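These numbers come from a predicted model, not from an experiment.
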Number of protein chains: 2
Amino acid sequence: MTLQPFNIGGLSRQTGVNIETIRYYEKIGLLPPPTRSQGGFRQYEDRHLQWLRFIRRGRDLGFSIDSIRALLTLAERPDAPCEGADRMVALHLDEVERKIADLTLLRDELRAMKNCCGQVVAQCQIIGSLTAPGAAQQDTI
Amino acid sequence: MTLQPFNIGGLSRQTGVNIETIRYYEKIGLLPPPTRSQGGFRQYEDRHLQWLRFIRRGRDLGFSIDSIRALLTLAERPDAPCEGADRMVALHLDEVERKIADLTLLRDELRAMKNCCGQVVAQCQIIGSLTAPGAAQQDTI
DNA sequence: ATGGACCCTGGAGCCACTACAGAGTCAACG
DNA sequence: CGTTGACTCTGTAGTGGCTCCAGGGTCCAT
Ligand SMILES: [Zn+2]
Ligand SMILES: [Zn+2]
Ligand SMILES: [Zn+2]
Ligand SMILES: [Zn+2]
């Protein structure tokens with residue numbers, strides 16, 4: 001099952017990760033450096049594919065680079081306890097839930113201010129609510 | 001009602017905007033430069049307070065600097081039609097709604113993977129789902 | 001006159017990439 | 001064997017929206 005090594009372009013296609021991003025991951029020590037061809041081309045193997053898919057999946061789930069680094073370190077030690085991973089997922093879930101709550105408040109505010117009835121800026125509800133928050137619109141003072 | 005001019009610290013306290021951020025806004029041309037004292041201190045007046053509160057409110061609503069720039073330009077022309085503002089709010093609302101939808105999917109995925117039942121990495125559902133997405137946990141292969 | 005709170009500028013750093021420029025490599029085709 | 005053209009290399013700079021710092025200068029009350 002040991003396949004031929006492939007270039008960075010192949011790795012990019014197989015993972016959906018940008019070539020520049022792959023090189024960036026190597027530079028920051030997230031992806032182990034592969035061997036090189038005589039001319040200096042990176043030559044990747046299956047293990048790089050697995051590794052990068054792990055990273056990609058973590059990023060898609062919104063984990064930070066540092067979190068993924070920690071998760072990768074953990075994944076390398078099959079006998080270690082996995083509380084760390086558990087805690088990281090719980091923390092990140094909290095973060096995501098907080099973000100959703102914030103954005104939902106934002107959405108409601110934006111919904112309340114859209115569809116201004118005035119036709120010029122002076123009567124515009126949108127400009128008005130940016131100028132004096134809380135005051136919806138005051139057509140005549 | 002013309003009050004004494006105040007320093008950058010006063011403006012910061014009255015708006016909740018960081019001093020460094022106020023200087024940054026001036027540098028990128030978002031906040032008009034105030035007059036200076038003989039020693040070079042910035043001296044702000046009420047109009048700067050209004051202006052910066054507008055910016056602050058826009059940022060709190062998640063608008064980009066460029067959008068706020070456009071909204072400020074609009075706010076300066078009371079006789080202009082306000083369709084532009086309307087369109088910007090609608091676009092931004094779309095953006096926020098899309099973000100909420102994305103995060104909700106994320107949240108559900110994170111909920112599904114947390115509380116791994118295994119005690120070591122080898123059986124960990126979390127590490128497992130990062131390694132092979134879709135496969136929940138496969139205790140024995 | 002002095003202390004201490006405040007302010008100044010310019011530049012670097014943050015995150016996670018992305019976009020180049022200018023050069024070199026590789027494999028296939030003729 | 002030579003040429004083409006797709007691919008890859010390094011290094012640097014830019015993105016957004018700040019935030020932090022060093023090393024100085026100013027202001028005002030005592
Ligand atoms: Zn997180
Ligand atoms: Zn309007
Ligand atoms: Zn927006
Ligand atoms: Zn586990």
Using whole Å, what does the distance between atom [atom2] of nucleotide [N] and atom [atom1] of [X] come to?
{"X": "A:Ile8", "N": "D:dA6", "atom1": "CD1", "atom2": "C1'", "result": "15 Å"}
{"X": "A:Phe6", "N": "D:dA6", "atom1": "CZ", "atom2": "P", "result": "23 Å"}
{"X": "B:Ile22", "N": "D:dG17", "atom1": "CD1", "atom2": "P", "result": "18 Å"}
{"X": "B:Leu31", "N": "D:dG17", "atom1": "CG", "atom2": "C1'", "result": "15 Å"}
{"X": "A:Gln43", "N": "C:dC26", "atom1": "CD", "atom2": "C1'", "result": "11 Å"}
{"X": "B:Ile19", "N": "C:dA5", "atom1": "CD1", "atom2": "P", "result": "14 Å"}
{"X": "A:Ile28", "N": "C:dC14", "atom1": "CD1", "atom2": "P", "result": "12 Å"}
{"X": "A:Glu26", "N": "D:dG11", "atom1": "CD", "atom2": "P", "result": "12 Å"}

request  = Applying side chain to side chain donor-acceptor pair (under 3.5 Å), name anything that partners B:Asp60, two or more places apart in sequence or on another chain.
outcome  = B:Arg56
key: Heavy-atom donor-acceptor pair, A:Gln125 side chain to A:Ala112 backbone, under 3.5 Å   = yes
task = Please answer whether the main-chain N or O of B:Glu45 pairs with a side-chain N or O of B:His48 as donor and acceptor at a distance below 3.5 Å.
result = yes
Side-chain N or O of [X] less than 4.0 angstrom from OP1 or OP2 on [N]?
{"X": "B:Arg42", "N": "C:dT9", "answer": "yes"}
{"X": "B:Tyr25", "N": "D:dC18", "answer": "yes"}
{"X": "A:Arg36", "N": "C:dT25", "answer": "no"}

message = Using a 4.0 Å cut-off on heavy atoms, which residues in residues 61-68 of chain B reach DNA chain D? List them by number, or say none.
response = B:Ser64, B:Ile65
ask   = What string of B, S and - do you get for nucleotides 19-30 of chain D 5' to 3' if you count protein non-hydrogen atoms under 4.0 Å?
value = BBB---BBS---
key: Closest approach of B:Met88 to B:Ala70 (non-hydrogen atoms, all atoms of both residues)   =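 Where B:Met88 meets B:Ala70 most closely, the heavy atoms are SD-CB, 4.0 Å.
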inquiry  = The criterion is salt bridge (charged side-chain N to carboxylate O under 4.0 Å, His left out); which residues satisfy it with B:Glu97, sequence neighbours excluded?
reply    =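 Only A:Arg111 meet the salt bridge (charged side-chain N to carboxylate O under 4.0 Å, His left out) criterion with B:Glu97.
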task = Identify, with sequence neighbours excluded, every residue that meets salt bridge (charged side-chain N to carboxylate O under 4.0 Å, His left out) alongside A:Asp79.
result = none
message = Let's go through B:Glu20 and B:Arg23 carefully: what are the C-alpha distance in whole Å and the side-chain angles of both, what is the deciding distance for salt bridge (Lys or Arg N to Asp or Glu O under 4.0 Å) to 0.1 Å, and is it a yes or a no?
response = CA-CA 5 Å; B:Glu20 322 277 45; B:Arg23 286 198 282 249; 3.0 Å; yes
query = Do B:Leu72 and B:Leu30 have side-chain heavy atoms sitting under 4.5 Å apart?
reply = yes
query = Does A:Tyr25 have any ring-ring contact (aromatic ring centres under 6.0 Å, His included) partners at least two apart in sequence or in another chain, and if so, which?
reply = none
